[in-house]
Amino acid sequence: MSRFDSYFLMKANDVPEYVREKLSFFPKDAKLECKEIGDGNLNYVFRVEDIDTKKTLIVKQAGEVTRISADMKLSTDRGRIEAKILGIQNKYAPGLVPEVYLYDEVMCAMIMEDMIGHTMMRTGLLKHEKYPNFAEDITTFMVNSLLLTTDVVMGHKEKKENVKSFINPDLCEISEDLVYSEPFIDYNKRNNVFPPNADFVKRELYEDNALHLEAAKLKFEFMNNAQSLIHGDLHTGSIFINQNHTYVFDPEFAFYGPMGYDVGNVIANMFFAWCHGDATIEDEAEKADFCGWVLDTIEEIVDKFIAKFKVAFKENVTDTMAKTEGFLEWYLGTVLADTAGIAGLESIRRTVGMANVKDITTIPDEKKRARAERIVITLAKDYIMNRTSFKCGADYRKAIETAVAKIN
Ligand code: SR1
Ligand code: MG
């Protein structure tokens, strides 16, 4: 019998004993120290350190309610989904996700590699750090983990088994509400609208029926297109990075959905970094350097994704009909349209919805923050309304430049 034989939410002082019982990672007599380090909206994350050797690991436990709101109950099955997808992603995109040492279905806890020497990407971007390998790494991760889990490549029965195993209703419901619905109709009264932009948001988001229609189409695409095993929450807080290497983690929102969801999330969150740099860097040369790098990176992500996708498709396609001439171009076209649409939805929801991003909320000057939000919303509407026109990186750069020029 062990006190970890039935579920309870651990505190930092429970975790060393838990780790000793579950793994022989640390020597038996090691002096272990543990701190809760999570700052996400959902889970508890602990770092355990051997004081003498400095060896560390991470324990991540799923609670039964979210951290952002005790009213939001969530299935702890998300921990199983996360551990399982990390295994699959490690197979298709080796080295780009942390290693899972153990998943414990009773405590709904995962013991995993500590991504030492890496920083949460959003934190680094808020300090205006540039990451020269990011576009290369993230596009390898996305093309491999996304394309190789589709019906284009994977045996259709195996894929359907995956669809079953990754049914993730509670977390999908969060995205259906927070990404696809509430930013347009605030029926749960939990949007965070920056007061100076209240009239702008009312006019541009709440009262724009044509926009609601496109968001509704994208919502049903999210719910009904079981295309690929997606990460489901691929923002810059789900990435740990340094100058040479990238780790993607935290895929608890994973399910079989449209792959443009992941690509669009990355693009939207990179632009938030641009907004923060543009509003807060005082030195003009430094600002041009950082913001220029962000724009180049957005362009590069789209173009590298397209190029790698085409190569990987040709190398890996197994479905007889998907080999038909013209199919690759049609299929990729649908992914790119989803990408632009979702970049728009993620941009809007992180600006006016329940879960905002520090890149915007920490802009100290009120006027500059209001301007940044208006740029994001203007750009996002272009992404959504004209999504089939976004076919390459230069299309994104042009849309960004147009939105920036439009807002004074
Ligand atoms: C209630 S959870 C709010 C948001 O945090 C996660 O990172 C997801 O993006 C979710 O939408
Ligand atoms: Mg997360």
Side-chain angles (χ1 to χ4, degrees), residues 36-46 58-83 85-86 89 97-98 100 108-110 112 115 118-123 125 141 168-184 186-192 215 218-219 222-223 230-241 247-255 257-258 261-270 272 342-361 380:
E36 211 274 313
I37 56 162
D39 74 343
N41 294 323
L42 301 186
N43 304 299
Y44 298 84
V45 182
F46 304 93
I58 297 293
V59 176
K60 181 172 174 186
Q61 188 180 27
E64 287 165 324
V65 295
T66 66
R67 294 180 79 160
I68 192 172
S69 159
D71 296 337
M72 292 176 90
K73 292 203 170 55
L74 277 189
S75 161
T76 46
D77 186 48
R78 65 186 188 274
R80 174 194 65 82
I81 286 182
E82 178 167 358
I85 190 181
L86 281 171
Q89 290 169 336
V97 296
V100 177
C108 305
M110 187 163 67
M112 62 194 279
M115 293 169 275
H118 295 67
T119 308
M120 183 185 285
M121 189 172 184
R122 193 182 306 283
T123 310
L125 291 172
F141 173 81
N168 197 354
D170 285 5
L171 282 88
C172 284
E173 183 182 45
I174 290 180
S175 303
E176 288 153 24
D177 289 341
L178 297 193
V179 180
Y180 290 92
S181 310
E182 292 178 28
F184 307 99
D186 188 16
Y187 50 89
N188 280 325
K189 296 277 169 257
R190 52 188 185 182
N191 282 353
N192 294 315
L218 287 161
K219 180 176 181 180
F222 178 77
M223 295 190 291
I230 67 171
H231 177 287
D233 199 23
L234 194 42
H235 55 82
T236 50
S238 297
I239 294 165
F240 264 56
I241 193 160
Y247 275 126
V248 174
F249 78 118
D250 218 13
E252 64 205 323
F253 281 79
F255 79 111
Y261 194 83
D262 283 355
V263 192
N265 264 261
V266 172
I267 291 168
N269 280 275
M270 285 306 294
F272 292 136
I342 290 150
L345 291 164
E346 170 74 0
S347 302
I348 290 173
R349 74 90 164 217
R350 295 288 185 193
T351 308
V352 303
M354 181 194 195
N356 312 113
V357 285
K358 281 189 182 156
D359 317 48
I360 299 293
T361 58

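Only heavy atoms go into these numbers, but all of them, side chains included; no hydrogens, no water, no symmetry mates. The residues of the chain are indexed from 1 along the displayed sequence. Order of listing sets the numbers, starting from 1, for every ligand and every atom in it.
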Task: Per-atom contacts, ligand 1 versus Met72 - under 4.0 Å to a heavy atom - done: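 Selected atoms, number and element: 1 (C).
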Open item on the list: At less than 4.0 angstrom from any non-hydrogen atom of Ala355, what atoms of ligand 1 do you find?
Closed with: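 Near Ala355, meaning under 4.0 Å from one of its heavy atoms, ligand 1 has 3 (C), 4 (C).
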To the nearest 0.1 Å, how far is [atom] from its closest protein heavy atom, and which atom is that?
atom: atom 6 (C) of ligand 1; answer: Asp233 OD2, 3.3 Å
atom: atom 1 (C) of ligand 1; answer: Ile68 CG2, 3.5 Å
atom: atom 11 (O) of ligand 1; answer: Arg349 NH1, 2.9 Å
atom: atom 10 (C) of ligand 1; answer: Phe253 CZ, 3.6 Å
atom: atom 3 (C) of ligand 1; answer: Asn41 ND2, 3.5 Å
atom: atom 2 (S) of ligand 1; answer: Leu42 CD2, 3.6 Å

Euclidean distance, [Y] [atom2] relative to [X] [atom1], rounded to 0.5 Å:
X: Ile37; Y: Phe46; atom1: CD1; atom2: CZ; result: 10.0 Å
X: Arg190; Y: Ser69; atom1: CZ; atom2: OG; result: 7.0 Å
X: His231; Y: Phe249; atom1: NE2; atom2: CZ; result: 8.0 Å
X: Phe253; Y: Asp170; atom1: CZ; atom2: CG; result: 10.0 Å
X: Arg349; Y: Ile342; atom1: CZ; atom2: CD1; result: 12.0 Å

- [ ] Output yes if Asp250 passes the N/O/S-under-2.8 Å test against the Mg ion (ligand 2); output no otherwise.
- [x]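 It does; at least one qualifying atom falls short of 2.8 Å.
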TODO: Indicate, as side chain, backbone, both or neither, the part of His235 found under 4.0 angstrom from ligand 1 when only non-hydrogen atoms are considered.
DONE: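 Within the 4.0 Å criterion, His235 contacts ligand 1 through side-chain atoms alone.
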Task: Location of contacts on Val179 toward ligand 1, heavy atoms closer than 4.0 Å - done: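 No part of Val179 is near ligand 1 at this cut-off.
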TODO: Would you please say whether a donor-acceptor pair under 3.5 Å links the side chains of Asn269 and Arg350?
DONE: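 Side-chain D/A pair, Asn269 to Arg350: absent.
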TODO: Give a yes or no on whether the backbone of Asp233 and the side-chain of Asn265 come within a donor-acceptor separation of less than 3.5 Å.
DONE: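 Between the backbone of Asp233 and the side chain of Asn265 there is no qualifying donor-acceptor contact (under 3.5 Å).
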- [ ] Kindly check if the number of other-residue, nucleotide or ligand heavy atoms within 6.0 Å of NZ (Lys358) is above 12?
- [x]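 Counting neighbours around NZ of Lys358, 12 or fewer heavy atoms of other residues, nucleotides or ligands fall under 6.0 Å, so no.
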Open item on the list: With respect to Arg350, determine whether any N or O atom, backbone or side chain, lies less than 3.5 Å from an N or O atom of ligand 1.
Closed with: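 Yes, there is a polar N/O contact under 3.5 Å.
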